[in-house]
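What follows is a set of notes on a single structure, which appears directly below.
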Protein chains: 2
Amino acid sequence: MELGNQQAFRALADPSRRAILRHLAEQDMTIAEVASNFEMTRAAVKKHLKILEEGKLISVETRGRERINKLEPMALKPVSDWFNFFNQFWDKRLSTLEKAVETHASQNNKPTKN
Amino acid sequence: MELGNQQAFRALADPSRRAILRHLAEQDMTIAEVASNFEMTRAAVKKHLKILEEGKLISVETRGRERINKLEPMALKPVSDWFNFFNQFWDKRLSTLEKAVETHASQNNKPTKN
DNA sequence: TAAAAGAGATACCAAATGGTATCATATATA
DNA sequence: TATATATGATACCATTTGGTATCTCTTTTA
């Protein structure tokens, strides 16, 4: 029943890890490359990467002696979706537009009951 | 430059606190009322509420001897917006629908260039 | 093959976290 | 006024967290 993914939420709680994700959005990177963007030891960065991996927010490909860290953006989607529950409270305008999206979407899928 | 709000991200990292937000979305509640929904002491719940308050995700109104905790849904918006950066990576379909939304939106606002 | 480079594995540390228990304070209410 | 109720405030505890330092292992490369 728990929407989203606890490990992902946990991973996103730290600002360094969010920054790492933004960097990995630009390009895949080795641990050392990620570390070069921060004032942190490589070991510290590796810990962050491990937590991001546990949240499935990144995947890792071993290539020779290197570990290529790669963003897994789809893992962010369920987290983002958790927030959609609260759309109803945000602005009415957004809510209205989302209904339009639903309607539009149903043209390519089977109609939903709402 | 830091999009979103660190205190809010931190507050959302804990599953109990996310559950509390869902409850408060239903109705405003006193500390004791919130606590009645969990197998936690009132003190523990109060700590969570304090962290949610620090993240500005809830506001508190003192009424007599009671403290009414109220959801502040707008505070979730900047956090949700942080994820929008990654929209570009999600599925093309969503991306397409969002363009449709933009187009639709422009009917009620001034026209956009797309 | 020897040396350098990238990463893994531990061990360690201070601070933050999530929780409890206990006592104090303020406010309704019988 | 006495008492019950709702909350506040501490103090305490075990675990997690974010970080460093150090040593080892593996893979390149001179």
Side-chain angles (χ1 to χ4, degrees), chain A residues 2 4-24 26-72 79, chain B residues 2 4-24 26-72 79:
Chain A
E2 159 89 276
N5 165 318
Q6 172 53 22
Q7 294 302 91
F9 270 104
R10 174 207 173 205
L12 291 166
D14 184 88
S16 298
R17 286 193 289 269
R18 292 199 301 279
I20 289 175
L21 289 183
R22 298 293 285 253
H23 281 291
L24 291 179
E26 304 293 325
Q27 59 176 72
D28 301 347
M29 290 195 264
T30 64
I31 296 178
E33 283 171 340
V34 173
S36 71
N37 291 296
F38 296 89
E39 294 188 347
M40 231 186 299
T41 61
R42 181 181 51 77
V45 168
K46 204 197 64 174
K47 277 196 179 182
H48 282 308
L49 290 171
K50 186 186 176 194
I51 292 174
L52 287 169
E53 201 180 350
E54 287 170 354
K56 304 204 192 304
L57 298 175
I58 68 172
S59 62
V60 183
E61 178 194 345
T62 299
R63 201 152 69 201
R65 65 182 160 181
E66 297 181 330
R67 272 170 64 98
I68 312 296
N69 298 276
K70 183 178 159 57
L71 179 69
E72 288 294 336
V79 179
Chain B
E2 159 88 275
N5 166 316
Q6 173 51 23
Q7 294 303 89
F9 270 104
R10 173 207 174 205
L12 291 166
D14 184 88
S16 298
R17 286 194 289 267
R18 293 198 301 279
I20 289 175
L21 289 184
R22 297 294 284 254
H23 281 291
L24 291 180
E26 304 292 324
Q27 59 177 73
D28 301 346
M29 291 195 263
T30 64
I31 296 178
E33 282 170 341
V34 174
S36 71
N37 290 296
F38 296 89
E39 293 187 346
M40 230 185 302
T41 61
R42 181 183 50 78
V45 168
K46 202 198 66 173
K47 279 196 177 182
H48 282 309
L49 290 171
K50 185 187 176 193
I51 292 174
L52 287 170
E53 201 181 349
E54 286 169 357
K56 307 206 191 300
L57 297 175
I58 66 171
S59 62
V60 183
E61 178 194 345
T62 299
R63 200 152 68 201
R65 64 182 161 181
E66 296 181 333
R67 269 170 66 98
I68 312 295
N69 298 276
K70 183 175 159 58
L71 179 69
E72 288 294 335
V79 179

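In what follows, every chain begins at residue 1, and chains take the letters A, B, ... in the order their sequences are listed.
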May I have the distance from [X] (atom [atom1]) to [N] (atom [atom2]), rounded to whole angstrom?
X	N	atom1	atom2	value
A:Lys47	C:dT10	NZ	P	13 Å
A:Ile68	C:dG8	CD1	P	11 Å
A:Ile31	C:dG6	CD1	P	11 Å
B:Leu49	D:dG8	CG	P	9 Å
A:Arg67	D:dT28	CZ	C1'	18 Å
A:Phe38	D:dT20	CZ	C1'	18 Å
B:Glu66	C:dA26	CD	C1'	13 Å
A:Asn69	C:dA7	CG	P	8 Å

Which residue lies more 5' along DNA chain D, comparing B:Ala32 with A:Ala13 via nearest heavy atoms: B:Ala32
OP1, OP2 of [N] versus side-chain N and O of [X]: anything below 4.0 Å?
X	N	answer
A:Thr41	D:dG19	no
B:Arg10	C:dA16	no
B:Arg17	C:dG18	yes

N/O donor-acceptor pair under 3.5 Å between A:Arg42 side chain and A:Ala32 backbone: no
Nearest atoms (heavy-atom pairs only) where B:Asp28 meets B:Lys70: OD1-CG, 3.5 Å
Sugar-phosphate only, base, or nothing, as touched by A:Ala44 at under 4.0 Å among non-hydrogen atoms: base
Touch class at under 4.0 angstrom, heavy-atom based, for A:Thr62 against every strand present: nothing
Point-to-point distance, once rounded to the nearest 0.5 Å, from CG of A:Asp14 to CD1 of A:Ile51: 7.5 Å
From [options], nucleotide with atom closest to [X] side chain:
X	options	value
B:Ala43	D:dT17, C:dA21, D:dT7	C:dA21
A:Lys46	C:dG8, D:dT17, D:dT7	C:dG8
B:His48	C:dG19, C:dG18, C:dT20	C:dG19
A:Ser16	D:dG19, D:dT7, D:dA21	D:dG19

Donor-acceptor pair present, A:Arg42 side chain and C:dA7 base, under 3.5 Å: yes
Base of D:dT5 paired with side chain of B:Arg65 (donor-acceptor, under 3.5 Å): yes
Aromatic centroids of B:Phe38 and B:His23 separated by under 6.0 Å: yes
Basic-acidic side-chain contact under 4.0 Å: A:Glu33, A:Arg67: no
